[in-house]
Amino acid sequence: MAIDIVTVVPRSLALPAWTAQLPLALITLVLATPVLAAALSGLLAGGGETWQHILATDLWSTTLTTILMLALTGALILAIAIPAAWLVTMYSFPGRAIFEWLLILPLAAPGYVLAISYYDLMSVSGPLQSAIRKATDWGARDYWFPDITSLPGLCFVLAVALYPYVYLTARAAFTTTSICAIDAARTLGARPVSVLWRVAIPSARPAIVAGLTLALMEAAADYGAAGFLGVRTLTVGLFRAWSSYGDAAAAARMALILLALAIGLQWLERLQRGEAGVQATSKRWQALERPRLAGASGWLAAGFCGLVFALGFGLPVLRLGWIALETGDHGANFGGALVTSLLLASAGAGVSFLIGITIALYARRGWLARLAKLAASGGYAVPGAVLALGGLVALSQMGLNMAGGLALLILIWIYAARFTAAGAQPMEAALARAPRSMGDAARALGTPPLQRIWRIDLPIAFSGALVAALILFVEILKELPATLMLRPANWDTLAVRAYAYASDERLAAAALPCLLITAAGLVPVILLSWRLSRARPGS
Amino acid sequence: MSAPLARLTASHVTKLFDGKTVVEDVSLTLEPHTITALLGESGAGKSTLLRLLAGLEDLDAGEIRISGQVLSTPHKTVPPERRKTGLIFQDFALFPHMTAGENVRFGLSHLPKPDGKAIAQRWLERMGLGERAHAYPHQLSGGEQQRVAIARALAPKPEAMLLDEPFSGLDPALRDEVADFTLGAVRESGLPALLVSHDAQAAMARADRIAIMRDGKLVQVGTPDEVYDHPVDAGVAAALGPVVTLSPGEIPDGLWPKRLPPGEALTYREEALVPHEAGKISAQVTSIRRIGADVRVIYECGGQHLPGRVASQNRPVLGDQVKLTLDPSASFVFKSPSSGRAQ
């Protein structure tokens with residue numbers, strides 16, 4: 001076949017290079033504005049009266065409370081997650097295969113849902129204390145019972161809610177990075193416990209700390225659990241300064257401290273990683289020959305894993321289900337809140353998805369792409385309350401007032417700024433499955449570039465994109481503080497409604513929305529654990 | 001019945017990336033019934049030249065034609081989907097969401113579906129994969145994947161074949177078998193073919209012509225015998241097998257018939273230095289190491305360590321004094337690359 005020279009496409013038909021960069025520049029601006037606005041207003045704001053008030057009474061104690069909360073929560077998380085991950089990876093015991101993924105489930109329930117459930121479980125009239133009184137004939141004042149509405153109570157709730165971050169990273173590190181090192185240690189005569197202390201934990205340390213950093217950033221950003229349990233952390237203080245005192249400047253100062261904390265945690269994480277890095281010592285992966293824990297020790301291991309699962313998921317979720325069934329109090333206009341949640345989550349996920357896929361398609365192409373990615377991951381690291389504040393500050397700087405339609409736009413904007421990174425990452429991973437050679441092959445076989453996206457890239461990336469969209473949808477469905485700060489009147493989501501009912505001590509009405517949020521949260525968690533169980537390096 | 005076979009020609013082709021010249025003034029013709037192996041170190045520009053021939057890159061100077069039709073000039077590039085070149089990649093680049101049969105059919109989408117299916121099936125059968133049409137790439141072994149890739153590239157009847165390090169991703173045990181099979185299929189088609197490789201031994205064993213690139217330039221083209229026996233410089237000699245280069249001061253008396261002027265150097269292939277009773281220099285055997293069927297021997301001569309190579313059955317005894325000769329047909333005198341700087 002002769003090739004007709006007339007059909008040759010002149011290169012000049014392509015758009016000039018800078019136009020391709022426009023969407024990226026826009027995305028960077030959209031994602032970075034809330035953080036920058038919050039930080040700048042915190043730095044530049046004059047000291048209002050409220051600020052003086054907070055400084056005199058509250059700032060040091062909220063900061064101290066936050067740091068204490070992070071330290072205690074972190075210690076609890078390590079104490080729960082590392083033994084659980086080690087047992088499940090290294091030994092065989094009754095129920096091991098089930099616990100392997102059951103232990104991830106607490107990721108599905110946001111902290112405020114667990115806080116609400118534990119508040120009921122532990123209250124004077126709750127099932128635990130009632131059972132004690134029934135069994136002993138004591139009165140309500142005759143015994144000591146731990147108070148969940150306290151700093152240790154909050155730390156307990158956050159730890160059982162957030163430990164899966166460390167459980168997942170530690171488990172991955174134990175299974176993949178150190179098999180050869182563990183084999184070597186064994187042949188050198190180390191006993192299992194000493195293998196854990198001397199080899200496995202040190203070599204998994206970068207992964208463990210990375211997981212812990214994520215968990216602690218979530219803990220610092222938490223508004224719902226701390227606010228509900230009455231612990232004045234910085235996020236709670238920020239929220240109150242904004243909503244009770246109406247002082248944006250004071251809130252911005254607190255936001256600044258929170259930002260510093262988030263940056264500090266990231267910095268510590270990098271620092272400890274040091275030269276070691278998260279590097280596999282060997283690419284060899286093998287099905288572990290798990291020693292069997294016989295008799296009592298096997299049941300002890302199963303008991304430990306069972307307890308962790310029960311505390312993080314089973315017990316609180318069962319209790320919520322019980323309350324919801326027992327009373328039938330579903331509050332007013334439950335359907336409206338459901339529709340609002342679905343609408344907002346769909347819109348927010350849609351916008352974040354488009355931004356995320358643009359970033360993923362541009363990945364590793366120039367500094368602007370890196371900047372957009374940085375803006376996305378920056379937003380993901382910043383508490384929702386800080387971003388919401390930044391959005392409000394930016395809006396007032398533009399001389400605009402929050403009103404119905406605009407407020408919705410701002411809320412979706414903040415969702416995108418906060419969550420885009422959560423979607424961009426899986427999409428990038430999915431697109432990476434179609435390397436350049438595959439596109440070249442398609443073109444050499446006669447497929448023009450645009451058709452190539454349709455016939456190769458999208459089918460290959462489809463499942464990854466679906467997962468990304470799902471993660472975004474559920475994250476936004478669970479979001480509380482930004483929604484609480486920005487939603488227009490009559491736009492209560494399930495999360496807002498649950499929190500409001502619980503704050504009014506109408507726990508029964510809060511139970512059903514809590515359960516629905518948790519059920520939605522289960523979908524991506526199950527998908528995640530399914531993907532983890534299929535993805536085995538080196539197999 | 002079939003159309004006459006094409007000839008793919010690159011003339012004075014130059015390609016820059018960010019102002020850096022990656023391919024410089026390369027002229028190369030791929031003839032029908034000829035497999036040309038393109039050798040060179042990584043970064044020499046081999047893959048870029050292949051991508052220019054495929055139309056995956058635009059060129060900055062020169063011209064690429066197939067049988068007289070212009071494919072690439074600095075102003076116009078016939079896009080890869082409209083030139084008929086078959087490509088085979090190191091990572092096979094099979095589409096993971098399609099079966100083997102669908103992969104082979106991919107380039108036949110202009111045909112009615114039953115025809116495409118029949119042709120794809122025939123190609124899979126020729127590759128010994130008739131039973132595997134419904135398997136997905138991850139269900140196939142490395143060798144099977146490579147065979148699907150060949151079938152996919154050949155099925156649309158390309159006019160030339162371009163193979164980018166197609167065997168380096170394979171298990172060493174499998175590599176020879178797959179290479180024989182693949183190049184056998186290419187040879188049977190009679191298409192002009194370019195095989196980018198970094199394995200000089202395998203390339204010399206299977207290709208009809210060898211082209212060697214260095215720093216973006218084509219330094220020598222010829223049959224395997226021509227380039228091996230008459231390399232144009234020490235770099236080309238070294239690219240095809242182990243060599244030793246001695247400056248005039250390092251050459252022991254009697255090893256080479258005449259004195260070299262400064263600025264030249266003696267390069268010999270290791271197998272050129274052998275023990276022989278008629279040898280003019282004597283040396284001591286200080287080390288013997290087995291390399292396949294040969295042994296590599298280090299001789300010490302006046303403080304100078306000279307590597308040589310002999311068949312294992314002819315190996316000298318460690319520690320013995322031996323006489324050495326240097327085979328002139330595998331020894332070359334070149335301008336020393338460092339002569340300009342030596343002063």
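Everything numeric in this text was worked out from a predicted model, so none of it was measured. Proteins come first, then strands; the chains are lettered A, B, ... in the order of their sequence lines, and each starts at number 1.
Proximity to chain A (any heavy atom under 4.5 Å) is shown, for B/Phe106, by both the backbone and the side chain. For B/Leu162, no part sits under 4.5 Å from any heavy atom of chain A, backbone or side chain. Contacts between B/Arg51 and chain A at a heavy-atom distance below 4.5 Å involve the side chain alone, from C-beta outward. Residue contact with chain A, scored on non-hydrogen atoms closer than 4.5 Å, involves the side chain of B/Ser109 exclusively.
Taking both residues in full, the closest heavy atoms of A/Ala441 and B/Arg152 are given as CB-NH2, 3.3 Å, listed atom of the first, atom of the second, then distance. Shortest non-hydrogen contact noted between B/Pro79 and A/Arg443 is CB-NH2, 3.6 Å. What you find for A/Arg455 and B/Met98 is that their closest heavy atoms are O-CE, 4.1 Å.
Dense packing is recorded around CD of B/Gln139, with more than 12 heavy atoms of other residues, nucleotides or ligands lying under 6.0 Å away. For A/Ile98, the CD1 atom is loosely surrounded, since the number of other residues' heavy atoms within 6.0 Å does not exceed 12. Other residues, nucleotides and ligands place no more than 12 heavy atoms under 6.0 Å from the NE2 atom of B/His134.
Contact of the A/Asp440 side chain with the B/Pro80 side chain is not registered, since no non-hydrogen atoms from C-beta on lie closer than 4.5 Å.
Distance check, rounded to the nearest 0.5 Å: OG of A/Ser437 to CG of B/Leu94 gives 9.5 Å.
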